[in-house]
Amino acid sequence: MIYLDNAATTRPCAEAVAAVNDALTARWGNPSAVHRLGIEAARLLRAARQDVAEAMGAETERVFFTSGGTEADNWAIFSAAERLGKRGRHIVTTAVEHHAVLHPMQKLEQQGFSVTYLQPDAEGRVSLESLQAALRPDTILVSIMMVNNESGAVMPIERMARLTHRVCPNALFHTDAVQGFFKVPFRARTLGADLISVSAHKVHGIKGAGALYIRPGLPLPPFVLGGGQESGLRSGTEGLPAIAAFAAACRAALPKRTESIARQRRLLAQAQELLRTIDGVQLLGAQEAPHILNLAVPGVRSQGLINALQERDIYVSAGSACSKGHRSHVLEAMGVDAAWIDGSVRVSLSDETTEDDIRALAEALPAVLTELRGGGRRA
């Protein structure tokens, strides 16, 4: 199997699987319980928080666990709006955010907030100048993703956060770093963002865990009410198996992060070089992140291409895995021709991707395209 859909989800690493098994079979108590099993579970939870915080470059007590990146994004946006809504009703985001950001923004618009959607350039980048032009005295929140999950564009988050705080001192800055975590080096302490969202299953943890970093001194309203877990900010018994796996994946990846990023960059460059030689293939987007490549084949439907590659045991996706059945809003915002969008697929790498995987994709594509264009199969 050649798996090239790592921006959608990564295969859990062995350390994460072992951590799940340990949490399910040996330390399965409720972390809020005061007996021995609960105390052991609470100790595991504390250690997991330390591991994820270290990987984020964050203060341990400022990392709060969630069910994933979507919840972390929702929490950051809705709680920021609740806290600052009396000071202003203007929010800035981008037209190329994940739906975990765009849909909360749409809901806030229904509640009377005004949202400015920054437009990208043809490569998917959002400029510092466009952010500066959008900031207003009543701006209370800016939410801009660190890495776009379709174009591979890397946003200048540190400079954007600094600009936001200079022009709008009372505004909060949030970044969805789900595709940036372990791909684009950053430290939460020094990045300048008030709120940072990450997800476990994008970094070889398992689905069902994520985290929100909340900067020190920021009194954010609770997002989920109940038993007071996560320092009273996100109630509900913690999903310890998924959290423990998240921490184990971070521990395993952290020592080799720099090497892993460099290796993926080399593989991405190899893929770009090989794919550019294939007749009819067009590469889309900035592709600045080390793991995301978007290609288009006008006249061939994305799903047909995905299906034909899958028959050869090669797995890619049509843009975001969360926008199944819909034309990519990211590529539309970039001004990509509709025929290209309809024939676009995303190739995304991980630390497990090999040169042989890249070569296999490049070798399979010409035959697949001939098959799809030449009859015998609907494109």
Side-chain angles (χ1 to χ4, degrees), residues 53 55-64 66 69 72-98 100-102 104-105 108-109 113-121 125-148 153-181 184-198 211-223 231 233 288:
M56 293 184 71
E59 302 86 351
T60 299
E61 69 278 6
R62 303 312 298 169
V63 171
F64 302 90
T66 68
D73 285 342
N74 275 248
W75 179 0
I77 292 164
F78 286 126
S79 290
E82 179 184 346
R83 179 175 184 268
L84 298 176
K86 292 182 179 179
R87 293 186 180 179
R89 308 287 283 180
H90 180 239
I91 298 171
V92 179
T93 188
T94 80
V96 295
E97 297 295 310
H98 191 278
V101 168
L102 292 179
M105 293 297 177
L108 289 175
E109 286 182 295
F113 286 84
S114 172
V115 180
T116 297
Y117 297 90
L118 303 179
Q119 297 299 314
D121 64 16
R125 303 182 187 92
V126 174
S127 71
L128 203 63
E129 292 74 21
S130 67
L131 172 59
Q132 183 162 12
L135 294 172
R136 307 185 331 204
D138 62 337
T139 301
I140 59 166
L141 172 65
V142 175
S143 180
I144 298 178
M145 67 196 332
M146 183 174 289
V147 172
N148 185 267
V154 178
M155 310 302 177
I157 295 300
E158 185 172 354
R159 287 184 290 161
M160 286 176 158
R162 191 183 309 123
L163 172 65
T164 298
H165 291 140
R166 186 178 74 246
V167 177
C168 303
N170 294 321
L172 296 178
F173 189 96
H174 164 249
T175 185
D176 175 343
V178 166
Q179 293 294 344
F181 194 32
V184 177
F186 71 88
R187 293 184 62 77
R189 288 188 185 92
T190 57
L191 183 63
D194 302 290
L195 303 157
I196 305 172
S197 305
V198 295
L212 179 66
Y213 167 80
I214 305 174
R215 71 156 167 81
L218 175 57
L220 208 62
F223 185 58
S231 300
L233 295 179
E288 295 164 330

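Model, not experiment: these values are computed from the prediction.
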Non-neighbouring partners of [X] that pass side chain to side chain donor-acceptor pair (under 3.5 Å), sequence neighbours left out:
X: Ser114; answer: none
X: Arg215; answer: Asp194
X: Thr66; answer: none
X: Glu109; answer: Tyr117

Shortest non-hydrogen contact between [X] and [Y], atoms and distance:
X: Leu220; Y: Ala80; value: CD1-N, 4.0 Å
X: Met160; Y: Ser127; value: CE-O, 3.9 Å
X: His165; Y: Gly192; value: CE1-O, 2.9 Å
X: Ala95; Y: Gln119; value: CB-NE2, 3.5 Å
X: Leu118; Y: Ala134; value: CD2-CB, 3.6 Å
X: Val63; Y: Ala211; value: CG1-CB, 3.9 Å

Indicate yes or no: at least one non-hydrogen side-chain atom of [X] is less than 4.5 angstrom from one of [Y].
X: Leu163; Y: Leu128; value: yes
X: Val147; Y: Met145; value: no
X: Glu59; Y: Arg189; value: yes
X: Asn170; Y: Leu84; value: no
X: Ile77; Y: Leu141; value: yes
X: Asp73; Y: Phe78; value: no
X: Ser231; Y: Glu61; value: no
X: Asn148; Y: Thr94; value: no

For [X], which residues count as a side-chain contact (heavy atoms from CB on, under 4.5 Å) partner, sequence neighbours excluded?
X: Ala193; result: Phe173, Thr175, Leu191, Ile196
X: Thr60; result: Arg49, Gln50, Ala53
X: Pro185; result: Ile261
X: Val178; result: Asp176, Ser199, Lys202

### Message
Taking salt bridge (Lys or Arg N to Asp or Glu O under 4.0 Å) as the definition, give me every residue that meets it alongside Arg125, ordered by chain and number, with sequence neighbours left out.
### Response
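Testing Arg125 for salt bridge (Lys or Arg N to Asp or Glu O under 4.0 Å), a comparison that skips the adjacent residues, returns Asp121, Glu288.
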### Query
Please walk me through it: do His90 and Phe113 pass side chain to side chain contact (heavy atoms under 4.5 Å, CB included)?
CA-CA 6 Å; His90 180 239; Phe113 286 84; over 6 Å; no
What is the distance from atom [atom1] of [X] to atom [atom2] of [Y], rounded to the nearest 0.5 Å?
X: Trp75; Y: Leu212; atom1: CH2; atom2: CG; answer: 5.5 Å
X: Ser197; Y: His98; atom1: OG; atom2: NE2; answer: 11.5 Å
X: Glu97; Y: Ile144; atom1: CD; atom2: CD1; answer: 7.0 Å

### Task
Mind jotting down which residue pairs meet the salt bridge (charged side-chain N to carboxylate O under 4.0 Å, His left out) criterion with at least one end in residues 156-171? Sequence neighbours excluded, please.
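Those involving residues 156-171 are Glu158-Arg162.
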### Task
Please collect all salt bridge (charged side-chain N to carboxylate O under 4.0 Å, His left out) contacts where either partner lies in residues 129-140, sequence neighbours excluded, each pair once.
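Qualifying pairs, neighbours excluded: Arg136-Asp138.
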### Query
Hey, mind stepping through Ile140 and Arg89 against side chain to side chain contact (heavy atoms under 4.5 Å, CB included) and telling me if it holds?
CA-CA 7 Å; Ile140 59 166; Arg89 308 287 283 180; over 6 Å; no
### Charged tip of Arg62 within 45° of Tyr213 ring normal and under 6.0 Å
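The answer is no, since Arg62 fails at least one limit relative to Tyr213.
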### Task
Just do the side chain to side chain contact (heavy atoms under 4.5 Å, CB included) check on Leu108 and Ile91 with the steps written out, would you?
CA-CA 9 Å; Leu108 289 175; Ile91 298 171; 3.6 Å; yes
### Query
Picking from Thr116, Thr164, Val126, what satisfies side-chain contact (heavy atoms from CB on, under 4.5 Å) with Leu131?
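Only one of Thr116, Thr164, Val126 forms a side-chain contact (heavy atoms from CB on, under 4.5 Å) with Leu131, namely Thr164.
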### Query
What pairs meet the side chain to side chain donor-acceptor pair (under 3.5 Å) rule with one or both residues in residues 76-85, with sequence neighbours excluded?
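Qualifying pairs: none.
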### Query
Yes or no on side chain to side chain contact (heavy atoms under 4.5 Å, CB included) for Val101 and Thr93, after CA distance, side-chain angles and deciding distance?
CA-CA 8 Å; Val101 168; Thr93 188; 3.6 Å; yes
